[in-house]
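Written out below as structure tokens is the structure these notes cover.
Hydrogens, waters and symmetry mates play no part in the numbers below; they use all other heavy atoms, side chains included. Ligands are counted one by one from 1 in listed order, and the atoms in each one are counted from 1 as well. Note that the numbering runs from 1 along the sequence shown for the chain. Quick caveat: nothing in here was measured; it's all calculated off a predicted structure.
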Amino acid sequence: MKITEINLSSSKSVIYCGVGAFEKYAKQLIGTNAFIVTDSNIYKIYAKLINETFVSTPVYVISAGEKSKNKKTLFNILQAMLEHNLDRDCCVVALGGGVVGDIAGFAASMFMRGVKLIQIPTTLLAQVDSSVGGKTAIDFYGVKNSVGAFYQPFAVIADSLFLKTLPVRELRCGLGEIVKYGALDKDIYNKLFENIKNFSDISFLQSIIFDCIAHKIEVVSADERDVNGVRKTLNAGHTTGHAFELFYGRKSHGEYVLIGMYYELLIAERRGICWGQYPENLKKLICAVVKKIPVYADINKAAILALHDKKNTEGLISIIVPVSEGRVEEVKLSFEEYVKELEYAAMEIQNSYEKS
Ligand code: NAD
Ligand code: GLY
């Protein structure tokens, strides 16, 4: 198990990562004045573990899924905290995936103007990404993550114990984000290549989870509030991936991130900012998770959804593209240019299938 810290100007989070972290630290860190938030799927599997570890601690179970990340559930959580007479010394424990982490984290930031928060991420995506860095939110007025706060957890306990029960789709989702880290970090990239056959091996995942967290700590330390451009590198592949996810919506979020990255990589190649063996190698890594990159119809309609991307400025679409090992760059395109580029990319993918 590894322990690391994230030191920011007004907070410090300690991250406990690895097998045994839950057993060793959860009870001790959480104390006796806590409130656990989890979801219905997780509670079905882990009720015994939760109730035996945190005896007499109230557990609030939300319905599993993104649809729970709303204001009604948020205020239900806050109301339940008042009904349990919790005070400003209490600790909110977000035990779940990114949905639980985001909404319980936001509740912790609001209750009594902010109480202690501990994240216990149970999905691969939450372990490598959402539990670290303090972004909390709900979806509001039809806009994802439109209302929220930066609120750093006091501790994160990322234990691979929980990954054993994850559905394959959720594992692939997390792997998508892990391969994205490969585009941002040379060491992660090399390690992924060396282990391309071990992607679903829990002991490999455990070690790469820590590497991804370490990379995220560096990024968040440089740009906690997502204002100077460093943190938006974590969004590589996401502009196109998210548009495709919203429009075509069958695969997991992480797979769409990689499909988006593949299309954006082709754009970077066409524009001459990424060349040589590197893009070919990165494509192999992407295809180790997404077996076949789809060639989409109606790509011009899907592209409209990229117009709402939070990174866009001055009416231009922002994409964060891979350029060389461990390096990405922001490219800004007009909507018309973006659609053309996506159409070229789709054609290129189609041609490659016809040749093979
Ligand atoms: P999720 O929380 O919905 O979990 C995915 C599914 O796995 C759910 O059905 C859940 O019940 C189930 N599950 C969770 N842990 C399990 C376990 N150990 N065993 C079996 N089933 C389990 O989804 P997610 O992918 O973890 O998170 C997605 C959310 O995270 C989105 O709302 C997204 O906006 C948010 N997010 C936030 C950040 C951030 O920085 N705050 C970053 C990325 C994503
Ligand atoms: N998941 C992106 C971020 O934390 O900024």
Inset, instruction - Using the ring pair (Phe, Tyr, Trp, His ring centres under 6.0 Å) rule, take Phe35 and Phe111 through it: C-alpha gap first, then chi angles, then the decisive distance, then the call. - result: CA-CA 12 Å; Phe35 185 80; Phe111 191 75; 8.2 Å; no
Crowding at [atom1], [X] (>12 non-hydrogen neighbours, <6.0 Å):
{"X": "Phe193", "atom1": "CZ", "answer": "yes"}
{"X": "Arg88", "atom1": "CZ", "answer": "no"}
{"X": "Lys340", "atom1": "NZ", "answer": "no"}
{"X": "Glu280", "atom1": "CD", "answer": "yes"}
{"X": "Lys251", "atom1": "NZ", "answer": "no"}
{"X": "Tyr141", "atom1": "OH", "answer": "no"}
{"X": "Glu23", "atom1": "CD", "answer": "no"}
{"X": "Lys24", "atom1": "NZ", "answer": "no"}

Which ligand 2 atoms does [X] reach within 4.0 Å, using its non-hydrogen atoms?
{"X": "Arg231", "value": "3 (C), 4 (O), 5 (O)"}
{"X": "Lys216", "value": "1 (N), 3 (C), 4 (O)"}
{"X": "Lys135", "value": "3 (C), 4 (O), 5 (O)"}

Close-contact set for ligand 1 against [X] heavy atoms, below 4.0 Å:
{"X": "Asp102", "value": "34 (O), 35 (C), 36 (N), 37 (C), 39 (C), 41 (N)"}
{"X": "Gly97", "value": "2 (O), 26 (O)"}
{"X": "Ala64", "value": "11 (O)"}
{"X": "Thr165", "value": "17 (C), 18 (N), 19 (N), 20 (C)"}
{"X": "Ile45", "value": "19 (N), 20 (C)"}
{"X": "Phe162", "value": "17 (C), 18 (N)"}
{"X": "Glu66", "value": "31 (C), 32 (O)"}

Does [X] have a heavy atom less than 4.0 Å from any atom of ligand 1?
{"X": "Lys144", "answer": "yes"}
{"X": "Pro167", "answer": "yes"}
{"X": "Lys216", "answer": "yes"}

Legend entry - Selected option - heavy-atom contact closest to atom 1 (N) of ligand 2, from Asp129, Asn235, Val132, Val219: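 Answer by nearest heavy atom: Asp129.
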Inset, instruction - Would you mind finding which of Leu125, Asp226, Leu166, Val128 brings a heavy atom closest to atom 25 (O) of ligand 1? - result: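 Checking each option, the heavy atom nearest atom 25 (O) of ligand 1 is found in Leu125.
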What about [X]: any of its N or O atoms under 3.5 Å from an N or O on ligand 1?
{"X": "Thr136", "value": "no"}
{"X": "Val100", "value": "no"}
{"X": "Val99", "value": "yes"}
{"X": "Arg231", "value": "no"}
{"X": "Ala126", "value": "no"}

Inset, instruction - Mark the output for Lys232 as yes if a heavy-atom distance to ligand 2 is under 4.0 Å, and as no if none is. - result: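 False for this residue.
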For a quick check under 3.5 Å, do [X] and [Y] share a side-chain donor-acceptor pair by atom type?
{"X": "Lys232", "Y": "Ser318", "answer": "no"}
{"X": "Thr73", "Y": "Asn70", "answer": "yes"}
{"X": "Thr122", "Y": "Tyr46", "answer": "no"}
{"X": "Asn198", "Y": "Asp201", "answer": "no"}
{"X": "Glu264", "Y": "His238", "answer": "no"}

Could you tell me the residue and atom name of the protein heavy atom closest to [atom], and the distance to it rounded to 0.1 Å?
{"atom": "atom 42 (C) of ligand 1", "answer": "Ser130 CB, 3.4 Å"}
{"atom": "atom 9 (O) of ligand 1", "answer": "Asn41 ND2, 3.0 Å"}
{"atom": "atom 4 (O) of ligand 1", "answer": "Thr123 CG2, 3.6 Å"}
{"atom": "atom 7 (O) of ligand 1", "answer": "Glu170 CG, 3.7 Å"}

Legend entry - Structural part of Asp39 in contact with ligand 1, heavy atom criterion under 4.0 angstrom: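 Side chain only; the backbone of Asp39 stays clear of ligand 1.
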Inset, instruction - Check Lys135 against ligand 1 and report side chain, backbone, both or neither, counting heavy atoms closer than 4.0 Å. - result: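 Both the backbone and the side chain of Lys135 come within reach of ligand 1.
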Inset, instruction - Evaluate the side-chain proximity of Val132 to Gln119: yes if any heavy-atom separation is below 4.5 Å, no if none is. - result: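 With C-beta onward as the side chain, the pair stays apart.
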Inset, instruction - Give a yes or no on whether a salt bridge exists between Lys144 and Glu245, defined as a side-chain N under 4.0 angstrom from a carboxylate O. - result: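 No, this pair does not count.
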